[in-house]
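Each remark here refers to the structure printed beneath this line.
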Amino acid sequence: MIPRTMLNFQIRRSIATSHLNSRSSVEAIETKATYYQEQIDKYQDDEKPSNWNESKPYNSIPGPKPWPIVGNIWRFFYGEFKGKNMAEISKHLRNTYGDIVVLNKLIGIPDKVFLYNAEDIEKMHRNEGLWPQRDALHSILYYRTVLRKDIFQDKPGLTAMQGQDWFKFRTVVNPILMQPRTTIKYVGQMDTIADDFLRQIHRLYEINPEMPEDFELLINKWTLESITFLAIDKRIGCLEDHPTEEIQTFLASTVGVFKQMYKLDVLPSLWKVYSTKDWKLFVKHMDFITNTLLKYVDEAFQSVKDNPEIKDKFNKSIFDKFLELDRKVAITMAIDMMTGGIDTTSKTFAATLYFLSTNQGPQTKLREELKMLMPNKNTPITAEILEKAKYLKAAIKESTRLAPIAVGNMRKTQKALVLSGYQIPKGVDLLSGAIALHHDDKQFKDSKKYMPERFLRTTTCEYSVKNTNPFVFLPFGFGSRSCVGKRLANLELEIALAKIVRNYYLDWKRPEMKFNTTLIYGTADPLRYHLRAVED
Ligand code: HEM
């Protein structure tokens, strides 16, 4: 018998080191996954932690008391949660009930246990098991597994899969998306796309140095252009002066689909009971995105077939590698990359621009670093420049501290745990209170202050992030289920931010920005920052 720890190690190693790019490799993963499933089944225990019996029962965890029939749902309409977004509700729960809080009886939504104690969050992740589980958005799940089963079949995508199926898919995708050498290969292309983004910013600047009301739409165009290039090797022309009608609809659908997911998955909605207007609009957007991507993937597939130039291993793109696996993997991943990589990267970028516009000290330091690394305003960005740009990276990290895209990280318990002295059975949804902790002075000194220095290795004072439990700050999640696009997102963000700050002084002349949570957390007011060109 293999001890559980050894089994965990073997599987983690296999996820981390697989270099799989052929059908036989996929079969090998199948065999391996089945083997590991058998081993895991043997060890699926319902055993309880040793301190279980001395711990307080689950139903005594503090939290708002549900009312008969209406449970706790009424609080969102008339009670303490009315008008609050999820970030505010999370902070309110902590302030009112303490470091562990249960929000239950939400009618059709499983209980959520909020964790505000770093040790509990660490325990949640350390016990997440080999195949960590995070609930999928039900709208996406239904669309992919029922409505468009014709396309997704047994592969509804990383965001929607669980258990062994998720493991197999993730094992195939990890070496393609997560290796540093993949990221390096795309520096030049991302630099070119960022140049087009900058050209559009310059056009706006010439009209008015204060950016327009809908500036975030331009950010969305840039992230969409970048992610489609990364996913399917195609420049779709979002950043051109006059994008085609197809691209305009594609962009509108990607923006629209996130709005619909918020209405269907976060706000109370009857779409599971009958086909509401919001559901129909969601399906319309999803169909347009899926069908357009299908068309692009098939065109690219055909062109690879017609021009079978032999590329060496280093020159193969992400898309080449997906296609080598099969067309379905390429489509599923393109859609997953769109779903996971547009709003998240856009909102992080918007927040970073806002924080730099309102914090001239850090902005000047960043520009000084960039001037050293990029002697000319249009010096192309290289991997070496990015490697050396420590303040640039710190500036982005500090934005993800003040404005993380997720209110917290979620995991379903894979076995019984004791957290803060309470019994937590297997199968309960735990949610870390990341935003509440990121904004807590006990975790980060002067937590409201934008201070990239916190993330510099050279900082040793009380502001350093080294003083904080690392499980408090996990903007891309944790472990084997963490963000698969982390490296690509950082690449996009670093290149575009370096270009903007090297070329323009940023300023903010409007009232303080509001932040809000819809599907994700981020800037809520128009990003109307001012620009002034840097001369040298
Ligand atoms: C700044 C930008 C981004 C942030 C802050 C972010 C953050 C996250 C977080 C917090 C998770 C959940 C991790 C966990 O549960 O441990 C996640 C998952 C995911 N992200 Fe990202 N993300 C970003 C950009 C991207 C990009 C560019 C892509 C596209 C390649 C992407 C694709 C995904 C996918 C597919 C998952 C699901 C992974 C799985 O369940 O196996 N993300 N991301």
Side-chain angles (χ1 to χ4, degrees), residues 15 121 124-126 128-137 140-141 144 155-163 165-174 176-178 182-183 186 190 219-220 222-232 254 258 318-319 322 329 332-352 393 395-412 429-432 434-435 438 471 473-497 519-522:
I15 292 177
I121 299 170
M124 163 180 102
H125 280 306
R126 297 246 183 252
E128 63 188 27
L130 296 165
W131 303 344
Q133 215 172 319
R134 187 190 55 240
D135 249 0
L137 292 176
I140 294 260
L141 194 62
R144 294 185 185 179
K155 290 188 179 61
L158 283 179
T159 43
M161 288 158 106
Q162 306 293 356
D165 290 339
W166 167 83
F167 164 81
K168 283 192 263 182
F169 200 62
R170 180 91 197 213
T171 309
V172 173
V173 162
N174 265 4
I176 300 177
L177 287 180
M178 294 200 75
T182 306
T183 326
Y186 281 94
M190 291 299 111
I219 301 187
N220 277 318
W222 156 68
T223 49
L224 177 58
E225 186 75 23
S226 306
I227 207 72
T228 6
F229 186 80
L230 291 165
I232 59 168
T254 53
F258 290 111
I318 291 174
F319 184 58
F322 284 153
V329 172
T332 306
M333 272 320 294
I335 293 177
D336 245 6
M337 287 169 77
M338 302 277 142
T339 322
I342 296 178
D343 238 22
T344 48
T345 316
S346 298
K347 278 292 175 199
T348 304
F349 195 69
T352 312
K393 291 185 175 66
I396 295 169
K397 277 195 182 145
E398 177 67 342
S399 292
T400 61
R401 181 188 70 79
L402 280 171
I405 56 119
V407 173
N409 289 317
M410 202 195 292
R411 289 292 182 268
K412 204 178 269 306
D429 282 342
L430 303 176
L431 182 68
S432 74
I435 288 196
H438 288 193
F471 282 83
F473 179 71
L474 297 168
F476 289 95
F478 175 82
S480 57
R481 189 120 212 192
S482 66
C483 177
V484 77
K486 175 182 169 169
R487 286 185 191 283
L488 299 175
N490 277 327
L491 180 73
E492 290 175 47
L493 292 166
E494 287 167 20
I495 293 179
L497 189 66
L519 201 57
I520 61 175
Y521 184 73

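Each ligand, and each atom within it, is numbered from 1 in the order the structure gives. Basis for what follows: all heavy atoms, side chains included, without hydrogens, waters or symmetry-related copies.
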Of all protein heavy atoms, the one nearest atom 26 (C) of ligand 1 is G341 CA, 3.3 Å
Ligand 1 atoms nearer than 4.0 angstrom to some heavy atom of P475 are 5 (C), 7 (C), 10 (C)
contact_flag F349 ligand 1 heavy-atom lt 4.0 Å: no
### Task
May I ask you to check if ligand 1 and R134 share an N or O to N or O distance below 3.5 Å?
yes
Query raised in the report: How far apart are the C-alpha atoms of D336 and R144, what are their side-chain angles, what is the distance that settles it, and do they pass the salt bridge (charged side-chain N to carboxylate O under 4.0 Å, His left out) test?
Result: CA-CA 11 Å; D336 245 6; R144 294 185 185 179; 2.9 Å; yes
(Q) Below 4.0 Å from ligand 1: does a non-hydrogen atom of K486 turn up there or not? (A) no
Here the pair of heavy atoms bringing A496 nearest to W222 is CB-CZ2, 3.4 Å
Atom 3 (C) of ligand 1: closest protein heavy atom, distance to 0.1 Å, is F476 CE2, 3.4 Å
Contact region, P404 to ligand 1, non-hydrogen atoms below 4.0 Å, reads neither
Per-atom filter on ligand 1: closer than 4.0 angstrom to a heavy atom of G477 are 10 (C), 13 (C), 14 (C), 16 (O)
The answer for which part of R481 has a heavy atom under 4.0 Å from ligand 1 is both
Does G340, backbone or side chain, put an N or O under 3.5 Å from an N or O of ligand 1? yes
So for ligand 1, is R170 a polar contact partner (N or O within less than 3.5 Å, distance only)?
yes
Next on the checklist: Tell me whether D336 has any N or O atom under 3.5 angstrom from an N or O of ligand 1.
Outcome noted: no
So is A406 touching ligand 1 or not, going by heavy atoms under 4.0 Å? no
- request: Kindly confirm or rule out an N or O of F478 lying under 3.5 angstrom from an N or O of ligand 1.
  value: yes
